[in-house]
Structure formats: structure tokens, C-alpha cells
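Down below is the structure, laid out as C-alpha cells.
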Amino acid sequence: GLVGHSDADTLLHALTDAILGAISGEDIGSHFPATDPKWAGEDSSIFLKFAANRLNKSGGIITGLDSTIICENPKIGSHRDDICKNIAQILEIPRNRISVKATTTEKLGFTGREEGLAVQAIATVMLPSSF
């Protein structure tokens, strides 16, 4: 596993930031600072639910989440559907609105040396015209 202040679920952190970014809601560190011991070891699904609730309170909805996990290992393909189902369950949205892809850096950089992984995520949302 990864080492981090919370549970180090990099995918859920990236999705949280993508949703917050779509509503100009700052970033995960603004709401859940790593300097606050309260969040040590916390389940990242709490952060993702927080971002989704902020979106919902503004009258918005998630129309799509797209993410790419960048790592050499573990291989994501056989886990992809379970990952997507878990995210859908956390967010209470249809599974078909979630895309999780994976790629490697062909052994280059810290991800290539298997020192960690990275995730890129984009949230597509629909907001009311008064937003």
C-alpha cells in the first residue's frame, strides 16, 4: 500500500480535487489539511462524499468522471470494474458515468521505479445557470 496522511487512496483524492475544481471549491488540502491530525488514517471516501455534497448543494450533478492511474504495478485492468463500482456506490451515481484507465511510464520517473503512483482526474458536471 501507499503511505500518506489519510489512507493514501490517490484515486479518490484526485477525484475529490476534480469535483472541487469543477465548482471552484478549492482543493482537498484546503478542507482536509495534512497538518490536522484529525484526518490521519481517514477513509478517503469521506473526502469524495464531501466534494459530491458540495456539488449537490450548488444544484449540480456529476455527468462524468474520468481518471487515469499512472503506475507500473499493480496492474489495474482486472480491478477496474470493482473500482468503478465502488466509486459509483460512494457517489450514488450510475456506474456508466465513471471511467478508470491505467498507464505506465515505461519505467521512467518515480512511477516507473515503483516509488509511488500518480492519478489524473477530470470531473464533468452540470451546474444550474445561476451558479
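Both backbone and side-chain heavy atoms feed into the values below; hydrogens, waters and symmetry mates do not.
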Any side-chain heavy atom of Ser67 within less than 4.5 Å of one from Leu15?
yes
Would you mind reporting whether Arg80 and Ile98 have side-chain heavy atoms less than 4.5 Å apart?
no
Where is the tightest heavy-atom contact between Ala118 and Phe110, given as atom of each residue plus distance?
CB-CZ, 4.3 Å
Is there a side-chain contact between Asp43 and Asp9, using heavy atoms and a 4.5 Å cut-off?
no
Correct closest heavy-atom pair for Ala18 and Ala121 would be CB-O, 3.7 Å
Should Ile122 and Leu12 be regarded as members of a common hydrophobic cluster, given that ILVMFWY residues are connected when their side-chain heavy atoms come within less than 4.5 Å of each other, either directly or indirectly?
no
What's the shortest heavy-atom distance between Ala22 and Leu127, and which atoms?
O-CD1, 4.1 Å
Rounded to the nearest 0.5 Å, what's the gap from OG1 on Thr104 to CG on Asn73? Could you check?
10.0 Å
Nearest heavy-atom approach of Ala52 to Ile19 is N-CG2, 4.2 Å
Does the side chain of Phe50 come within less than 4.5 Å of His31's, by heavy atoms?
yes
Pro128 and Gly60 have their tightest heavy-atom pair at CD-N, 4.0 Å
Say you draw a straight line from OG1 of Thr124 to CG of Asp66; how long is it, rounded to the nearest 0.5 Å?
7.5 Å
Is it the case that over 12 heavy atoms from other parts of the model lie below 6.0 angstrom from the CD atom of Glu114?
yes
Under the 3.5 angstrom rule, does the side chain of Asp17 hit a backbone N or O of Ile28 as a donor-acceptor pair?
yes
Sub-3.5 Å donor-acceptor pair from the side chain of Thr111 to the main-chain atoms of Cys71, do we have one?
no
Show the nearest heavy-atom pair for residues Leu55 and Ile61, with the distance to one decimal.
CD2-C, 3.7 Å
Please work out whether the ring planes of Phe47 and Phe32 are parallel, tilted or perpendicular, with thresholds of 30° and 60°.
tilted
With distance as the sole test, does Thr105 use its side chain to make a donor-acceptor pair with the main-chain N or O of Gly112 at under 3.5 Å?
yes
To the closest 0.5 Å, what do you measure between CG (Leu65) and CG (Leu48)?
7.5 Å
Checking Ile90, Ile83, Asp82 against Asn86 for side-chain contact (heavy atoms from CB on, under 4.5 Å), the one that qualifies is Ile90
Side chains of Asp27 and Thr16: closer than 4.5 Å at any heavy-atom pair?
no
Measuring only between side-chain heavy atoms, which start at C-beta, is Gln120 closer than 4.5 Å to Ile70?
yes
Side chains of Arg97 and Leu91 in contact at under 4.5 Å (non-hydrogen atoms)
no
Under a 3.5 Å distance rule, please check whether Glu72 uses its side chain to pair with a backbone N or O of Lys107 as donor and acceptor.
yes
